[in-house]
Amino acid sequence: MSEEKRANNFIEDIIEEDLQQGLSEDLLRFRFPPEPNGFLHIGHASAICLNFGLGEKYNKPVNLRFDDTNPAKEEAKYVEAIQRDVEWLGYEWDQLCFASDYFQQLYDWAVQLIKNGKAYVDSQSSEEIAAQKGTPTEPGVDGPYRNRSVEENLQLFEGMKNGEYGESEHVLRAKIDMQSNNMLMRDPIMYRVVNRSHHRTGTDWKIYPMYDWTHGESDYIEQISHSFCTLEFLPHRELYDWFLDQVVEDKKVRPKQREFARRNVSHTVTSKRKLQKLVDQGVVSGWDDPRMTTISGLRRRGYTANAIKNFADSIGIAKRDNLVDMNHLEFHLRDDLNKVANRVMCVLDPIKLIITNYPDGQEEMLQAENSQEDESRGYREVPFSKELWIEREDFKESANKKYFRLTIGKEVRLKNAYIIKGTSCVKDDDGNITEIHATYDPDSKSGSGTEASMRRVKGTLHWVSAVHALPVEVRLYDRLFSVPSPDTDKEKDFMEFINPDSLSVITAMAEPAMRQIPVGETVQFQRKGYFCVDPDSTEEKMVFNRTVTLRDTWAKLDQ
RNA sequence: UGUCCCAUGGUGUAAUGGUAACACUCCGGUUUUUGGUACCGUCAUUCUAGGUUCGAGUCCUAGUGGGACAACCA
């Protein structure tokens, strides 16, 4: 592998600069910190690739940390799904961490802040607190409880912890600056009372720390050197640093938060709320519906981890708003699948082809290569007989020179078999073609080495022997949304842009060897695209999902 | 009438004061028992105006445009 060295992105520049400033490379440590309140999607995949990619680049540990401070939204099932998705992408975390493991330490630190006069218990309603907070253009004002005594604060906070108060009766706030330009610095809430069972700590805690108080301190506890997050957290950095200032000790690594722009992919949505709505309203079958750009959906669709990683790597990382074209993702998908997927023949829209000069009842086994890209994958046997299925679109009674497929009087190659010539076709009362007749050249068998077999014909068709054909269900997926950016329209809801033709289900005719393909494996249906065996498959009926079509320059010309 | 962030082909990213490049897309061609793949080629880019400099995509100022910030969410 002679990989061209990619230029450093600005995140790597930050690390390199820190190393030059004297940070020991041994101290490098990263983390991926999802909240377990939903499934990971393509946007998370980029963040995973960024953080774990840094870990690989510097050969340094990366923690998987669940930011589980809100028991109202978080569930163990998401923890499991997230771990599975990260593993499927092919990454290994160093430590599996939970912010909830740090609840006691966070509490102790909070008590220390109170003692230092840096935090206080506020006993107003959330409306009152919000009113005093001001707006982005107007400063806030101090609330009436801001100068409570340390003793009273300590007592109330302990009472909150012990469950002596109901939700919203009291909160703990950092005492910073109600006039700050940065609204996050206007005495942010550190703790609130939540009467819910937590997926890990059960009912041990009655109070739960807020994101800002938790995140930086968790980074510090784990000694994360660089904490990368999306741009929306940029205003939080000031607070992140303020909270760190309250607890850092000299000899320890002080984590550094830096922000990058979230990467958006066209023709999809990634907000958890919107994905949830698609599931709830039955637009899709679930979080792992193959049309969803969740990692589990992409996996079920037939995407490979490498395709996603290559994609993430190729689109880079920066600070400006972006909308990456889905074509980019599909390029990397085809690029990888082309290398790793075996080829098979499957007719999606079958029409009968009868080889009139092939003996009745005769059949023979032909050799078919499993991959044109990798000869070491060998060959399989495909049965051939007098009656075949071919694609309806591969025959026209007559056509112009640009049509390379079967017409009456013209020769085409049946892939891995013989050269045939169209002779006639049968139509029903409405004029629809129901059957095609052709003759074959017995000397033209693929690979036989005869002069006839070497003859050049422009078109090659895939086919399946009718008596041997295996009917399979094929789910043809297309993009879920018909516009590049469904969730940025000011007037219309994203649901209005759903593509009504994102799924069509057909029965296709497969070559018998396809019965052996295991669930989850993606193969190429020669000339049609890549297809993956869906878990819905049964002994009686296999189900294939179309992962992506092949590039089709003919389809473009045809328009 | 605030603070902060951002601005390079259609899309995404490089160029670290010294010839604006790479990938995708589009278009055209060669090869091909997949109208796939591979290979080759074409088109196309620094938001505007000043300033600093021998030299600015890069540094400074202003403007314009886009985005973020008023959850007891993360």
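Chain letters run A, B, ... following the sequence lines, proteins first and then strands; every chain starts at 1. Any value given below was found using the heavy atoms of this structure, including those in side chains, with hydrogens, waters and symmetry copies removed. Remember, predicted model here, so these are calculated numbers, not experimental data.
- Here the CD atom belonging to A/Glu12 is positioned 11.5 Å from the CG atom belonging to A/Leu19, to the nearest 0.5 angstrom.
- The base of B/G36 lies close enough to the side chain of A/Glu373 for a donor and an acceptor atom to sit less than 3.5 Å apart.
- A close approach under 4.0 Å does not occur between any side-chain nitrogen or oxygen of A/Lys133 and OP1 or OP2 of B/A70.
- Side-chain contact, A/Ser46 with A/Arg262: no donor N or O sits under 3.5 Å from an acceptor N or O.
- Neither OP1 nor OP2 of B/U13 sits under 4.0 Å from any side-chain N or O of A/Arg263.
- When heavy atoms are screened at a 4.0 angstrom cut-off, A/His170 is found touching no nucleic acid atom at all.
- Contact check, A/Thr553 against B/G36: a side-chain N or O comes under 4.0 Å of OP1 or OP2.
- If you check every strand for non-hydrogen atoms under 4.0 Å, A/Lys402 touches a base.
- Side-chain nitrogen and oxygen atoms of A/Arg186 include none within less than 4.0 Å of the OP1 or OP2 phosphate oxygen of B/A70.
- Applying the 3.5 Å distance criterion, the base of B/G35 shares a donor-acceptor pair with the side chain of A/Arg405.
- Each of A/Met183 and A/Asp335 was assigned the nucleotide of RNA chain B with the nearest heavy atom; the assignment lying further toward the 5' end belongs to A/Asp335.
- Look at CD on A/Glu127: it is 12 Å from C1' on B/A71, rounded to the nearest Å.
- Residue A/Ser446 places a side-chain atom within donor-acceptor reach of the base of B/U33, judged by atom type and a 3.5 Å distance cut-off alone.
- At the heavy-atom level, A/Ile317 lies under 4.0 Å from the strands shown only through sugar-phosphate atoms.
- Lacking a ring centre under 5.5 Å from that of the base six-membered ring together with a plane angle below 30°, A/Tyr211 does not count as stacked on B/A74.
- Residue contacts for A/Ser271: at a heavy-atom cut-off of 4.0 Å it reaches no nucleic acid atom on any strand shown.
- Taking the side chain as every heavy atom from C-beta outward, A/Gln526 and A/Lys415 approach each other to under 4.5 Å.
- Distances from the side chain of A/His328 to the nucleotides B/C24, B/C73, B/G36 place B/C24 closest.
- A/Gly447 comes within contact range of at least one nucleobase, with a heavy-atom separation under 4.0 Å.
- Rounded to whole angstrom, the span from the CD atom of A/Gln526 across to the P atom of B/U32 amounts to 17 Å.
- At distances below 3.5 Å, not a single donor-acceptor pair connects side-chain atoms of A/Asn9 with backbone N or O atoms of A/Ile317.
- Taking the P atom of each, B/C39 and B/U25 are spaced 13 Å apart, rounded to whole Å.
- Counting to the nearest Å, the P atom of B/G35 and the CZ atom of A/Arg551 are 13 Å from each other.
- Within the 3.5 Å criterion, the main-chain N or O of A/Cys229 finds no donor-acceptor partner in the side chain of A/Gln257.
- Using a 4.0 Å heavy-atom cutoff across all strands shown, A/Asp325 reaches sugar-phosphate atoms only and no base atom.
- For A/His236 against B/A74, a side-chain N or O and a base N or O form a donor-acceptor pair under 3.5 Å.
- A straight line from CG of A/Leu234 to P of B/A74 spans 19 Å, rounded to a whole angstrom.
- Here A/Asp212 lies out of heavy-atom contact (under 4.0 Å) with every strand.
- By the 4.5 Å heavy-atom criterion applied to side chains, A/Ser465 and A/Phe384 are not counted as neighbours.
- Whole-Å rounding puts the A/Asn182 CG to B/C69 P distance at 12 Å.
- Nucleic acid contact for A/Phe331: sugar-phosphate only, since backbone atoms but no base atoms lie under 4.0 Å from a heavy atom of the residue.
- Counting any heavy atom pair closer than 4.0 Å across all strands shown, A/Asn37 reaches no nucleic acid atom.
- Nucleic acid contact for A/Ser168: base, since at least one base atom lies under 4.0 Å from a heavy atom of the residue.
- Within the 4.5 Å cutoff, the side chain of A/Leu414 has heavy atoms near those of the A/Leu388 side chain.
- A/Phe233 comes within 4.0 angstrom of a nucleotide base, judged by non-hydrogen atoms across all strands.
- Nucleic acid contact class of A/Ile419 (heavy atoms, under 4.0 Å, all strands): none.
- Rounded to whole angstrom, the span from the NZ atom of A/Lys528 across to the C1' atom of B/G35 amounts to 11 Å.
- For the pair A/Asn370 CG and B/U37 P, the computed distance is 20 Å after rounding to whole Å.
- A straight line from NE2 of A/His462 to P of B/U32 spans 22 Å, rounded to a whole angstrom.
- A/Gln524 comes within 4.0 angstrom of a nucleotide base, judged by non-hydrogen atoms across all strands.
- The base of B/U33 lies close enough to the side chain of A/Arg413 for a donor and an acceptor atom to sit less than 3.5 Å apart.
- In this model, a donor atom of one side chain and an acceptor atom of the other lie less than 3.5 Å apart for A/His236 and A/Asp212.
- Base engagement by A/Lys415 is indicated by at least one non-hydrogen atom pair under 4.0 Å involving a base atom.
- OP1 or OP2 of B/A74 has at least one side-chain nitrogen or oxygen of A/Thr69 nearer than 4.0 Å.
- Comparing B/A74, B/G35, B/U13 by their nearest atom to the side chain of A/Thr460 picks out B/G35.
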